[in-house]
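Sharing a structure below in structure tokens format, with a few things to ask.
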Protein chains: 2
Amino acid sequence: MRDDDLDAAFSALADPARRAIIARLSRSSATVNELAEPFTITKQAVSKHIQVLEQAGLITRTRDGQRRPCHLDPAALEALTGWIDTYRLEAERQYRRLDGVLATLKDQHSKDQS
Amino acid sequence: MRDDDLDAAFSALADPARRAIIARLSRSSATVNELAEPFTITKQAVSKHIQVLEQAGLITRTRDGQRRPCHLDPAALEALTGWIDTYRLEAERQYRRLDGVLATLKDQHSKDQS
DNA sequence: CAAATAATCAACTGATCGGTTGATCAACGA
DNA sequence: TCGTTGATCAACCGATCAGTTGATTATTTG
């Protein structure tokens, strides 16, 4: 995944309205009007949010007459968790290693005292 | 996890410099100067990035004389993957359900034809 | 064809963001 | 004690962003 893609994806998620749209779409696909319904902001604003999500690759859109249903893309979400997990796991590995070193030092200390 | 926390965390990750800092810290803790070294931007700019990451709860800072080492917090990263996975898994469930419906319809069709 | 509906485009505003320069603070070391 | 170093604060600039209003493009339906 390129840097620009990660920029787009994470900044797309950095907005409560867009996360709410993600949450809604996880249950089923929906149109702009359906997605806009629970919000107080204008339909145009929601349309912009949807374009941001689409540009980020988090959702896809199809054609159904004059409607443009939105669909959540689980694979895109998985790519993000993949990126995060890379560094989370590495950090956890490092902490375990450090714990090991500390335990060894403590052990040495006990021996020195005995 | 509150909405504001998710805002802060995801927008913190929506910047390549901050992601590079995350990547660096996953290998070991480091000071501002160490983190700034590979960048062309000023140390002040890096300091701001670090404050953003700290505010978002993704990293913590300790005191070591005049140094302020940064440490990556794996738990914060896990909270983010947790949020994402909630909706990814729900979406995948929905798609499987839909596949089931389509398979049933196709099956009905075959029966009708026989 | 005309009215209505789904969605977008265009232009504008206020706020936030990433970055800079210059000054300041606090801890260290000769 | 004084110069140096690690780090931050403050003020500013240009760009981007979320939201608005108003007009426009397609598609459906009477």
| query | Roughly how many Å is it from CZ in B/Arg63 to P in C/dA26, rounded to a whole number? | reply | 10 Å

| Could you give the CD-to-P distance, from B/Glu37 to D/dA7, as a whole number of Å? |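 The answer, rounded to whole Å, is 14 Å.
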
Side-chain polar contacts of residues 21-28 of chain A - donor-acceptor pairs under 3.5 angstrom, sequence neighbours left out - could you list them?
| residue | atom | partner | partner atom | Å |
| --- | --- | --- | --- | --- |
| A/Arg24 | NH1 | A/Ser28 | O | 3.1 |
| A/Arg24 | NH1 | A/Ser28 | OG | 3.2 |
| A/Ser26 | OG | A/Ala23 | O | 2.7 |

| said: In the structure I gave you, are the side-chain heavy atoms of B/Ile84 and A/Ile84 within less than 4.5 Å of one another anywhere? | reply: yes

| message | I need the full list of ring pair (Phe, Tyr, Trp, His ring centres under 6.0 Å) pairs touching residues 64-87 of chain B, with sequence neighbours left out, sorted by first then second residue. | response |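 For residues 64-87 of chain B: B/Phe10-B/Trp83, B/Trp83-B/Tyr87.
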
| field | DNA chain C contacts among residues 1-14 of chain A, heavy-atom distance under 4.0 Å | value | none

| note | Under a 4.0 Å heavy-atom cutoff, the residues of residues 17-29 of chain B touching DNA chain C are B/Arg18

| Are B/Asp73 and B/Leu58 close enough that some pair of their side-chain heavy atoms sits under 4.5 Å apart? |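 Not touching, per the 4.5 Å side-chain cut-off.
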
| request: Could I get the full list of salt bridge (charged side-chain N to carboxylate O under 4.0 Å, His left out) partners for B/Arg97, not counting sequence neighbours? | output: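 If we apply the salt bridge (charged side-chain N to carboxylate O under 4.0 Å, His left out) test to B/Arg97, skipping adjacent residues, there are no hits.
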
| query | In chain order, what residues pass the salt bridge (charged side-chain N to carboxylate O under 4.0 Å, His left out) check against B/Arg19, with sequence neighbours excluded? | reply |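 Checked B/Arg19 against salt bridge (charged side-chain N to carboxylate O under 4.0 Å, His left out); matches are A/Asp3, A/Asp7.
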
| Looking only at side-chain N and O atoms, does B/His49 come under 4.0 Å of OP1 or OP2 in C/dC17? | no

| field | Worked check of side-chain contact (heavy atoms from CB on, under 4.5 Å) between A/Leu13 and A/Leu80 | value | CA-CA 11 Å; A/Leu13 291 181; A/Leu80 292 185; 3.7 Å; yes

| Pairs touching residues 56-65 of chain B that satisfy salt bridge (charged side-chain N to carboxylate O under 4.0 Å, His left out), sequence neighbours left out |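 Those involving residues 56-65 of chain B do not exist here.
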
| said: Between A/Glu37 and A/Glu34 (side chain of the first, backbone of the second, donor and acceptor by atom type, cut-off under 3.5 Å), is there such a pair? | reply: no

| task | List in chain and number order the residues that pass salt bridge (charged side-chain N to carboxylate O under 4.0 Å, His left out) with A/Arg67, two or more places apart in sequence or in another chain; answer none if no residue qualifies. | result | none

| request: Mind jotting down which residue pairs meet the side chain to side chain donor-acceptor pair (under 3.5 Å) criterion with at least one end in residues 38-60 of chain A? Sequence neighbours excluded, please. | output: A/Arg18-A/His49

Write out a two-atom table: protein N or O, nucleotide N or O from nucleotides 7-11 of chain C, distance below 3.5 Å.
| residue | atom | partner | partner atom | Å |
| --- | --- | --- | --- | --- |
| C/dA7 | OP1 | A/Arg68 | N | 3.1 |
| C/dA7 | OP2 | A/Asn33 | N | 3.0 |
| C/dA7 | OP2 | A/Asn33 | ND2 | 3.2 |
| C/dA7 | N7 | A/Lys43 | NZ | 3.3 |
| C/dT8 | OP1 | A/Arg61 | NH1 | 2.4 |
| C/dT8 | OP1 | A/Arg61 | NH2 | 3.4 |
| C/dT8 | OP2 | A/Ser47 | OG | 2.4 |

| message | Return whichever of A/Gly65 or A/Asp15 has its heavy-atom-nearest nucleotide of DNA chain D closer to the 5' end. | response | A/Asp15

| field | Any side-chain heavy-atom pair of B/Thr31 and B/Cys70 under 4.5 Å | value |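 In short, these two side chains do not touch, never coming nearer than 4.5 Å.
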
| How bent is the helix from C/dC1-D/dG30 to C/dA30-D/dT1, comparing axes over its five end pairs at each side, to the nearest 10°? | 20°

| said: Could you work out, with side-chain contact (heavy atoms from CB on, under 4.5 Å) as the rule, every residue matching A/Glu78, not counting sequence neighbours? | reply: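 side-chain contact (heavy atoms from CB on, under 4.5 Å) list for A/Glu78, sorted by chain: A/Thr81, B/Arg88.
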
